[in-house]
Amino acid sequence: MGEWTLSVSAHSIRVPEVTVDGDTLVFTITSQKLNNDVGVCVCRTFEDFEWLQQSLFDQEDVPGLQGIIFPPLPGKPLPSSQPQAQAKALKQLGCLALSDDWKSYCKALEIYLQQVASHSTLSKNKALEGLLTNSEPPGKQRVHKGIFSRLSQAMGELRKENHKDLDDFFQDERNNNLNMTNFTKAASEKSFEVALTEQRLAVACGHLSTSLHLCASQDGPDSANFSKICMKFSEVIDAVKRNVEKVSENNVSTLGLGLEMDYRGHEAKKDMLFRRTCKLVEMEAAVKNAERAKPNKKAIMEEVKKVIEKDFEKISSVAKEEIGRFSEARVSLLRAALIDWCEKQLQTAREDHEIFSKQLEACEQLKCE
Amino acid sequence: MEANTERSSPPFPDPMDREMNSDKLEEESDDEGEDIFTGNTKSTSDTSVNDVPADIFTEEGSGITPQSTRVQQDTNGVRSDDEQDLFAEATVELSIDKNTTRERKEMSRPSPSVQDVPYKSTMASKSLEEWEEEESRDKFELNIAVTNPEKVGDGMNAYMAYKVSTQTTLPMFKNSTFSVKRRFSDFLGLYEKLLVKHAHHGYIVPPPPEKSVVGMTKVKVGKEDHSSAEFVERRRAALERYLKRVVAHQSLLQDPDVREFLEKDELPRAVSTQALSGAGFLKMINKASDAVSKMTIKMNESDNWFEEKFQEVENEEQQLRKLHAVVDALVTHRKDLCFNTAVFAKSMAMLGTSEDNTALSRALSQLAEVEDKMEQLHQEQACSDFFLFAELLADYIRLLGAVRNSFDQRMKTWQKWQDAQNTLQKKREVEAKLLWANKPDKLQQAKDEITEWEAKVTQYERDFERICTTVRQEVLRFEKEKARDFKIYIVKYLEALLLSQQRLIKYWEAFLPEAKAIV
């Protein structure tokens, strides 16, 4: 540990684009050096991000590490065009998979990196620096899953989730978190359903527009007027289709993204609280063991108990800080998402109002002898 | 009920409708050439109008039955003795249409001895020009509305009664504003009467909305839910469109059955419609027309217009059916979007209430409200998409069936003429044989028969020419109306779209400060 800090500014981190290389997505990450304005640009795959996340989990010399709410990494992107793989990707990634050219997914990665880089403890990890600035990718280092992996625990572990807490503050937080996780998950899923329906609606509009076009081109010379009307209507429906697509894109890239990130954030908090609860259980067991220890083992047990107690206190204090930080951070995130959503939709509504106005004028002028 | 609240506004909408119905011209004298739809509109029109009411009232008093060939409806102005005689001779015609008599007088030609009748298209185009001129003058007003659906009775004998209101300046009606109550079978009865009287002239008789056992059963049973309210509203709108089309047709408007339908307080219950619903009837016609077209496929068309047009009509029906299917899919997706948006709004509301941060909580709750309002907007759009366009397409698919029918009537008329010519030929052969065999008593009978059939051939030939003109004019009128109807629809659709965009903009503008207020 030293006074080592990240050499780039957290706010400057961007994931501006992604290229598809066969079955893999290659992300471009740009950032700016703190001391000068030199830009840094690297290319990374999803595995590199996973390596970073694991490296953060594996830090051994950070006290109270388990009390940290780790910024959530989005699920693995599956660029394959096969329908089964696509369905799986949609289910896993939700709104992130829906936007054009993986834009929302890139944004989610960007948010992740910014969150890690802004975190007072995590930003000090050299793995982050390596990921952001090294010309070489971190390499295919084996990632071993410690107890920090996702909360898909065995049944025995899950029991601990309901273990009563010593501290009211934490008990409240755990209860609240359970609700929020459920609600944000539901909201994210429903917004995803809306986006899917909007896509289907846009496709149906496309069909209608094409059918009208066909109608127009097949009519005889006597029905010139009717043909003109069909053509015009075809144009109108095409404009409607583009409006639906834009509205949907706006939804997905702002609100949908925000809700998904919020949900993942609550999940990460849930993971942290669970880790603390596990420690609590461990501590209570150690206390019992120390009390019941035979005199020859008592001293050792007391030592063990003290270590665990100290650990637990550190974790709890870090957790408290983290909870406060998280609360602020997520409000900030949602605020940005809501403003972005509103502004984009407002702009789209105004633009399309113009377009529809012009269409109406043109239609009214259609001659119908 | 939804339907009622929507119709609380005065039942006479759109100046557009007035334009469509504007070609209500009065009956007129017979000096004109080929005008079938409109009367002569020289300055004499005013005076003739004054002559009319007396005639109408006396006729109505005499009781109108299709069987009577002596009943003269729509006496318009001058009637010459010739017309009376011709009319008396009509053995086949059930129709008592004034136009029939006039046309017979006008289209006098020497009896043909050849099979082919060179059809003079110049005649048709001249009349078309005149017809278009007529349309633009003398706009009499006639507005119709179908409103206030009311359930009458209980259980399976219940039915919906609709209020049919008319507002008119046409003198052939007793009053200028009046309304009556009619039920669905009354409309079907009207269609049946009009079909029987006018279809064989080649007129396109607008078909009424289709019967729906499922829809009506729900209403009868008293299921007060959204779908039965929707059904009643759809039917009401369809009946209104049907009546508007009927009165937009010059010749049909003159039919006293139409007037009676609009004016008379109590109509005798139309019983035969129970078997012959609109759809069933059209199916019968379609089957018959298929048989006819197979029969007369060797008709020597000297005028390609009819063949080409018929093909166009068939193509168009296919296209409209496809369109209808696509629009149906579109409507389903809109409804899905409605539903999903509502579900999403609820989930946001729940999130909002659980939120600790007050400003965020407020913003999320307002977001839920915005989404809810958008759901209403989507609902209205779905209605607008469906009620207007899909119904319009369905109307025109049925109308195209009626158009095909008028083409088939023309075929039948041609066939009748051909058959008469064959019979005449045979009679002549018989006469020749008798002359040779020298049997004077039978000879006279043969000569009489020849005279009889010569007259028939002449008459049927005139019928055929008349129906050719009628069909041409009908088709052109139909296409004009179709273009007009579709244009009106598109304009309405865009207006609704613009309105919903404006509302959206308001919602977003209201939401933005809430979002910015979050700390």
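Just so we're on the same page: letters track the sequence lines, and every chain starts at 1.
- The two residues A/F356 and B/L494 have their closest heavy-atom pair at O-CD2, 4.1 Å.
- Between chain B and the options A/A187, A/A186, A/S211, the largest number of non-hydrogen pairs under 4.5 Å is found for A/A187.
- Between the OG atom of A/S332 and the CD1 atom of B/I518 there is a distance of 10.0 Å, given to the nearest 0.5 Å.
- When heavy atoms are compared at a cutoff of 4.5 Å, A/L255 approaches chain B solely by way of its side chain, counted from C-beta outward.
- Your options are B/M348, B/E308, B/E355, and the one with the most heavy-atom pairs under 4.5 Å with chain A is B/E355.
- Across A/L338 and B/L367, no two heavy atoms sit closer than the pair CD2-CD1, 3.2 Å.
- Proximity to chain B (any heavy atom under 4.5 Å) is restricted, for A/V236, to the side chain, taken from C-beta onward.
- Across every non-hydrogen atom of B/Q319 and A/L214, the tightest pair is NE2-O, 4.4 Å.
- The NZ atom of B/K482 lies 9.5 Å from the CD1 atom of A/I229; values are rounded to the nearest 0.5 Å.
- With a 4.5 Å cut-off on non-hydrogen atoms, B/L360 touches chain A through its side chain but not through its backbone.
- Residues B/R334 and A/V240 approach most closely at NH2-CG1, 4.3 Å, considering heavy atoms.
- Among the candidates A/E193, A/H207, A/R200, the residue making the largest number of heavy-atom pairs closer than 4.5 Å to chain B is A/R200.
- Counting heavy atoms from C-beta outward, B/I490 and A/Q359 have side chains that stay 4.5 Å or more apart.
- For the set B/M350, B/E514, B/E371, B/Q311, the entry with the most heavy-atom pairs within less than 4.5 Å of chain A is B/M350.
- In this structure, chain B has a heavy atom under 4.5 Å from the side chain of A/L334, while its backbone stays farther away.
- Taking the six-membered ring where the residue is Trp, the centroids of B/F486 and A/F226 are separated by under 6.0 Å.
- You'll find the side chain of A/L259 reaches within 4.5 Å of the side chain of B/L351, heavy atoms only.
- Residues forming a ring-ring contact (aromatic ring centres under 6.0 Å, His included) with A/F170 (at least two apart in sequence, or on another chain): none.
- With a 4.5 angstrom heavy-atom cutoff, A/V203 does not touch chain B via any of its atoms.
- Contacts from residues 173-183 of chain A to chain B, taken as heavy-atom pairs separated by less than 4.5 Å, involve A/N176, A/M180, A/F183 in sequence order.
- For the set A/E328, A/E364, A/R350, A/R335, the count of heavy-atom pairs under 4.5 angstrom toward chain B peaks at A/R335.
- Residue-environment remark: NZ (A/K103) stays at or below the threshold of 12 foreign heavy atoms within 6.0 Å.
- With a threshold of 4.5 angstrom between heavy atoms, B/N357 approaches chain A through side-chain atoms but not through N, CA, C or O.
- A pairwise comparison of heavy atoms in B/V326 and A/A204 identifies CG1-O, 4.3 Å as the closest pair.
- Nearest heavy atoms, A/C363 versus B/K487: O-CE, 3.4 Å.
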Run the salt bridge (Lys or Arg N to Asp or Glu O under 4.0 Å) check on A/E343 and B/K516 step by step: do they pass? CA-CA 11 Å; A/E343 284 176 342; B/K516 288 194 168 156; 3.7 Å; yes
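- At a threshold of 4.5 Å between non-hydrogen side-chain atoms, the residues A/L346 and B/F511 do not count as touching.
- Interface residues of residues 501-509 of chain B toward chain A, defined by a heavy-atom distance below 4.5 Å and sorted by number: B/Q501, B/Q502, B/I505, B/W508, B/E509.
- Residues of residues 339-346 of chain B lying under 4.5 angstrom from chain A, judged on non-hydrogen atoms, are B/N340, B/T341, B/V343, B/F344 by number.
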